[in-house]
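Before any comments, here is the structure.
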Amino acid sequence: MTNGADDSGVGRRTSRRSFVRRLTVGGGALAAGLAGPARSPAAEPPAPADPTRELGHPVSPYGTRSRFETAVRVQARTPTSVASWTFTPLQDSCGIITPSALHFERHHAGVPDIDPARHRLLIHGLVRRPVVLTLADLERLPAVSRTHMIECSGNGLTEWATPTMPDVQRTHGLTSCSEWTGVLLATLLGEVGVEPAGLWVLAEGGDAAAMTRSLPIDKCLTDVLVAYGQNGEALRPEQGYPLRLVVPGWEGNTHVKWLRRLKVVAAPAQTREETAKYTDLLPDGTARQFTFVMEAKSVITFPSGGHRLPGSGLYELRGLAWSGRGAVRSVEVSTDGGRSWQAAELQAPVLRIAHTRFRLPWRWDGRDALLQSRCTDETGYVQPTLAELVAVRGLRSHYHQNAVQSWRVAPDGRVSNVHA
Ligand SMILES: Nc1nc2c(c(=O)[nH]1)N[C@H]1C(S)=C(S)[C@@H](COP(=O)(O)O)O[C@H]1N2
Ligand SMILES: [Mo]
């Protein structure tokens with residue numbers, strides 16, 4: 001068998017069956033690569049341990065994971081833990097859903113402790129019939145469930161000038177993907193009746209930051225959700241319990257948590273979060289404002305920074321791709337720093353504005369390798385290289401860093417974050 005690049009060919013999808021064939025054909029790659037030194041074909045492998053004779057723990061009203069599972073959110077280095085953020089451990093995730101307990105967090109003033117029975121949502125401003133809604137009122141309205149990722153536009157802000165963070169959790173972990181359930185904002189706006197002059201909606205959170213963002217009415221009438229459910233149960237407090245906006249594909253900051261007020265207005269309110277923060281300083285000294293959409297992005301999560309490959313042989317490269325503009329159309333992977341590319345397999349279902357899992361078998365020859373992934377979304381937009389992005393944006397902005405990520409695999413198997 002030749003190496004992975006020659007074997008599967010550029011542009012061809014690689015099926016699971018062909019990967020299994022690679023694992024087994026040609027002298028026991030599985031035994032050699034994964035199970036230590038090769039044995040003679042006749043030898044019986046050692047049997048697994050007997051079933052335990054100890055009784056297990058009793059049934060429990062609310063589950064927790066195994067005590068052997070250790071993946072955790074890690075906190076950014078910030079002066080306080082209330083105005084801070086934590087990163088999702090993408091290197092340990094499988095599939096496309098982020099467990100609620102590992103969803104990244106971004107709080108401007110900590111997590112408020114809100115009694116849902118006392119929580120209210122006020123909808124007012126340029127509307128015919130202003131209302132104050134309880135949770136029970138909202139739960140009576142027609143609901144939808146949608147699987148969407150939320151990405152903070154600050155994801156990767158440390159990576160503009162130098163490869164700074166050691167692992168994919170800290171370079172890319174400000175994105176998570178959940179199934180959200182709630183009422184379409186369009187339904188609520190239909191109930192209150194928007195006046196013709198109402199062109200924006202100001203959303204306000206019930207936390208101590210009273211965080212506010214203005215959203216154009218067209219988006220609010222399209223796919224914005226007032227969500228109370230996350231992955232089959234109520235929102236987690238960290239995600240905005242009991243109510244948050246989900247603004248599919250737009251920067252995380254617009255997904256106002258602990259939502260208490262929606263005011264229909266004629267023009268954007270120019271709040272702190274849309275003037276002093278969440279704008280992008282350009283090379284000519286002007287700043288872009290209201291850069292809502294999270295453009296297509298992808299990253300290899302295995303192997304990634306901090307991993308150490310035990311030896312040459314066959315691996316499955318795995319990663320996540322997403323786009324704020326819709327579905328991921330394709331992901332290409334390079335193992336030679338972008339000189340050649342191969343199409344990765346996309347795991348079904350491929351959902352709009354959601355994490356999309358990609359995979360590609362790779363035979364590592366034990367030499368220096370430079371792993372990259374590049375995503376194309378359904379609009380035809382191609383994820384840029386860092387050089388391409390910096391040529392347009394310069395090095396003075398923080399948000400919306402969606403460049404191709406490079407991981408170097410050194411001959412000793414150590415994987416590190418590099419710019420290439
Ligand atoms: N009320 C309120 N809403 C908020 C925030 C906040 O601090 N207060 N943080 C925003 C930011 S910057 C982001 S990226 C997302 C993060 O959502 P998450 O914590 O559920 O991941 O929430 C947004 N909504
Ligand atoms: Mo954010």
Side-chain angles (χ1 to χ4, degrees), residues 73-76 78 80-90 93 97-114 119 121-122 148-158 169 172-180 182 201-215 224-231 233-263 269 271-280 290-294 297 322 324 355 397-402:
R73 300 190 281 226
V74 295
Q75 197 193 318
T78 46
T80 80
S81 56
V82 285
S84 190
W85 53 96
T86 58
F87 299 92
T88 291
L90 298 178
S93 71
I97 297 293
T98 308
S100 301
L102 295 174
H103 196 289
F104 87 88
E105 304 162 276
R106 171 69 176 113
H107 315 309
H108 288 73
V111 180
D113 182 33
I114 297 178
H119 191 71
L121 174 62
L122 165 65
H148 287 305
M149 99 290 176
I150 297 179
E151 183 182 17
C152 177
S153 49
N155 203 14
L157 68 80
T158 55
Q169 180 161 18
H172 288 76
L174 295 182
T175 183
S176 301
C177 187
S178 296
E179 186 203 61
W180 306 101
V201 176
L202 179 69
E204 181 185 68
D207 53 336
M211 217 206 72
T212 39
R213 279 299 297 254
S214 316
L215 298 168
V224 176
L225 270 178
V226 174
Y228 47 75
Q230 177 185 7
N231 297 330
E233 60 181 352
L235 297 178
R236 291 289 165 103
E238 303 95 302
Q239 265 64 63
Y241 182 84
L243 222 50
R244 85 173 304 162
L245 282 188
V246 173
V247 187
W250 287 19
E251 62 184 355
N253 188 255
T254 62
H255 301 233
V256 175
K257 300 191 284 187
W258 313 293
L259 182 69
R260 66 176 295 276
R261 190 163 73 98
L262 294 166
K263 184 176 187 183
T271 70
R272 171 186 183 271
E273 314 300 325
E274 49 210 32
T275 51
K277 306 291 171 186
Y278 302 100
T279 58
D280 311 312
F290 303 116
T291 42
F292 290 125
V293 176
M294 299 307 297
K297 191 166 173 177
W322 60 93
H355 283 178
S397 65
H398 305 294
Y399 305 107
H400 297 281
Q401 204 283 41
N402 68 322

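Note that the structure is predicted; figures quoted are calculated from it, not measured. Whatever order the structure lists them in is the order used to number ligands and atoms, beginning at 1.
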Short list, please: which atoms of ligand 1 are under 4.0 Å from a heavy atom of [X]?
X	value
Gly205	1 (N)
Glu238	19 (O), 20 (O)
Gln239	18 (P), 19 (O), 20 (O), 21 (O)
Asp207	1 (N), 2 (C), 6 (C), 7 (O), 8 (N)
Tyr278	12 (S)
Cys152	14 (S)

Do [X] and [Y] have side-chain N/O donor and acceptor atoms under 3.5 Å apart?
X	Y	answer
Thr88	Ser176	yes
Thr86	Gln75	no
His107	Lys257	yes
Asp280	Thr291	yes
His400	Glu251	yes

Note the single closest protein heavy atom to [atom], along with its residue, its atom name and the distance in Å.
atom	value
atom 9 (N) of ligand 1	Arg106 O, 3.3 Å
atom 15 (C) of ligand 1	Gly252 O, 3.3 Å
atom 3 (N) of ligand 1	Lys257 N, 2.9 Å

**Request:** Please work out whether any backbone atom (N, CA, C, O) or any side-chain heavy atom from C-beta onward of Asn253 is under 4.0 Å from ligand 1, and answer side chain, backbone, both or neither.
**Result:** both
**Message:** Counting only heavy atoms closer than 4.0 Å, does ligand 1 sit against the backbone of Trp85, its side chain, both, or neither?
**Reply:** neither
**Request:** With Gln239 as reference, evaluate His255, Glu105, His103 under the side-chain hydrogen bond (donor to acceptor under 3.5 Å, both in side chains) test and give the passing residue.
**Result:** His103
**Asked** Quick check: are there more than 12 heavy atoms from other residues, nucleotides or ligands sitting under 6.0 Å from NE2 of His119?
**Response** yes
**Item:** Distance flag, aromatic centroids of Trp258 and His108, threshold under 6.0 Å
**Value:** no
**Message:** Please compare Arg244, Arg73, His107 and report which has the shortest non-hydrogen distance to atom 17 (O) of ligand 1.
**Reply:** Arg244
**Request:** Determine, considering heavy atoms only, which of Glu151, His255, His103, Met211 sits nearest to atom 5 (C) of ligand 1.
**Result:** Met211
**Asked** Does even one non-hydrogen atom of Ile150 get within less than 4.0 Å of ligand 1?
**Response** no
**Message:** Is there a polar contact between ligand 1 and Phe104, counting only N or O atoms under 3.5 Å apart?
**Reply:** yes
**Request:** Examine His108 against ligand 1 and note whether any of their N/O atoms are separated by less than 3.5 Å.
**Result:** yes
**Request:** Name the orientation class of the two ring planes belonging to Trp322 and His355 (parallel below 30°, tilted from 30 to 60°, perpendicular beyond 60°).
**Result:** tilted
**Prompt:** Are Arg244 and Trp180 in a cation-pi setup, meaning NZ or CZ lies under 6.0 angstrom from the ring centre and within 45 degrees of the ring axis?
**Reply:** yes
